[in-house]
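Position 1 is the first residue of the sequence; numbering continues from there.
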Amino acid sequence: MTTFTIRPLDPLKDAELLHGWVTHPKAGFWMMWDASLEDVERAYAKIAADEHHHAFLGLHDGEPAFLMERYDPAHRELAGLYEPEPGDVGMHFLVAPTDTPVHGFTRAVITAVLTHLFADPGTRRVVVEPDVRNTAVHALNEAIGFVPEREIRKPEKTALLSFCTRERFERAVRA
């Protein structure tokens with residue numbers, strides 16, 4: 001049985017690990033391909049100091065396997081780009097690059113991420129804004145209950161604004 005745990009990210013302790021992940025060619029949509037180790041430390045120290053944005057390290061059977069960010073879309077990322085509702089939570093996730101991919105692993109990770117987010121009774125919807133060109137993540141999002149609403153223009157990309165309610169997520173994971 002696969003076991004996932006999620007812990008708060010330590011910007012200094014975890015920076016070297018994250019640097020390898022976010023600068024890997026498979027993490028192109030993370031937009032940090034040319035970041036230095038110091039850039040990664042600074043970026044995650046800034047998140048750690050932000051009351052509206054939090055970063056977490058996901059572990060698979062005790063080993064680092066993914067990065068998750070949770071943010072308040074009324075204050076970060078999507079502020080002014082859509083009308084937030086009470087209980088909206090924004091999310092980003094990045095699976096660690098590997099030379100030996102396991103079929104279904106990324107879906108298991110995003111399922112663990114949403115399970116974690118919906119464990120908070122205050123979370124009513126999870127909001128995502130992946131790059132419109134990231135068709136793989138759009139398919140994954142839809143498979144676990146996200147419904148695309150519309151394209152939005154952000155400073156760094158054109159994104160597909162999508163939402164997943166607790167009910168749609170629960171139906172998707174039961175299917």
Practice task
Check whether L140 and V127 end up in the same hydrophobic cluster, where Ile, Leu, Val, Met, Phe, Trp and Tyr are linked by side-chain heavy atoms less than 4.5 Å apart.
Solution key: no
Handout entry: Partner set under ring-ring contact (aromatic ring centres under 6.0 Å, His included) for H24, not counting sequence neighbours
Key = none
Problem - Heavy-atom side-chain contact between F93 and V109 under 4.5 Å - result: yes
Handout entry: Between CZ on residue R171 and SG on residue C164, distance to nearest 0.5 Å
Key = 9.5 Å
Exercise for the section: Using a cut-off of 6.0 Å, state whether more than 12 heavy atoms not belonging to R7 lie near its atom CZ. Expected result: yes
Completion exercise
Result for side-chain contact (heavy atoms from CB on, under 4.5 Å) between P73 and one of V126, L78, V128 points to L78
Practice task
Look only at the side chain of R70 and the backbone of V89, and say whether a donor-acceptor pair between them is shorter than 3.5 Å.
Solution key: no
Practice task
Grab the two heavy atoms, one from N141 and one from P130, that are nearest each other, plus how far apart they are.
Solution key: ND2-CG, 3.9 Å
Handout entry: Non-hydrogen atoms of L59 and F66 that approach each other most closely
Key = N-CE2, 4.2 Å
Exercise for the section: Not counting sequence neighbours, which residues clear side chain to side chain contact (heavy atoms under 4.5 Å, CB included) with L37? List them please. Expected result: A15, E16, H19, E41
Handout entry: Nearest-0.5 Å distance, OH of residue Y44 to CG of residue L9
Key = 7.5 Å
Practice task
Please work out which of the three classes, parallel, tilted or perpendicular, describes the rings of F105 and F4, given edges at 30° and 60°.
Solution key: tilted
Problem - Greater than 12 external heavy atoms within 6.0 Å of R166's CZ - result: yes
Exercise for the section: Check whether any side-chain heavy atom of F169 sits under 4.5 Å from a side-chain heavy atom of T111, and report yes or no. Expected result: yes
Exercise for the section: Check whether any side-chain heavy atom of L57 lies under 4.5 Å from a side-chain heavy atom of L17, and answer yes or no. Expected result: yes
Completion exercise
Heavy-atom nearest pair, A74 first then P84, reads CB-CG, 3.8 Å
Handout entry: Main-chain N/O of D131 paired with N134 side-chain donor or acceptor, under 3.5 Å
Key = no
Handout entry: D50 side chain vs I47 backbone, donor-acceptor pair below 3.5 Å
Key = no
Exercise for the section: Look at the side-chain heavy atoms of Ile, Leu, Val, Met, Phe, Trp and Tyr, link any pair under 4.5 Å apart, and say whether F118 and V173 land in one connected group. Expected result: yes
Problem - Considering all heavy atoms, the nearest A112-I6 contact - result: O-CD1, 4.1 Å
Problem - Cluster link Y71 to F56, ILVMFWY, side chain under 4.5 Å - result: no
Practice task
Examine distances only and state if a side-chain atom of H54 and a backbone atom of P8 form a donor-acceptor pair shorter than 3.5 Å.
Solution key: no
Handout entry: For H53, the option from E69, R76, K46 that meets side chain to side chain donor-acceptor pair (under 3.5 Å)
Key = E69
Fill in the blank from the handout: Output for pair (E167 CD, R124 CZ), nearest 0.5 Å, gives 8.5 Å
Practice task
Quick one: pull up CG in L117 and OG1 in T123 and give me the separation to the nearest 0.5 Å.
Solution key: 6.0 Å
Exercise for the section: Looking only at non-hydrogen atoms, find the nearest pair between T98 and K26 and report the distance. Expected result: O-NZ, 3.5 Å
Exercise for the section: Determine, using the 4.5 Å side-chain heavy-atom cutoff (strictly less than), whether L114 and F163 are members of one ILVMFWY cluster. Expected result: no
Completion exercise
Nearest heavy-atom contact between A143 and A172 is O-CB, 3.5 Å
Show me the side-chain donor-acceptor pairs of residues 144-155 shorter than 3.5 Å, one per line, residues at least two apart or across chains.
residue, atom, partner, partner atom, Å
R150, NH2, L81, O, 2.8
R153, NH1, K157, O, 3.0
R153, NH1, T158, OG1, 2.9
K154, NZ, E77, OE1, 2.5
K154, NZ, E129, OE1, 3.0
K154, NZ, E156, OE2, 3.1

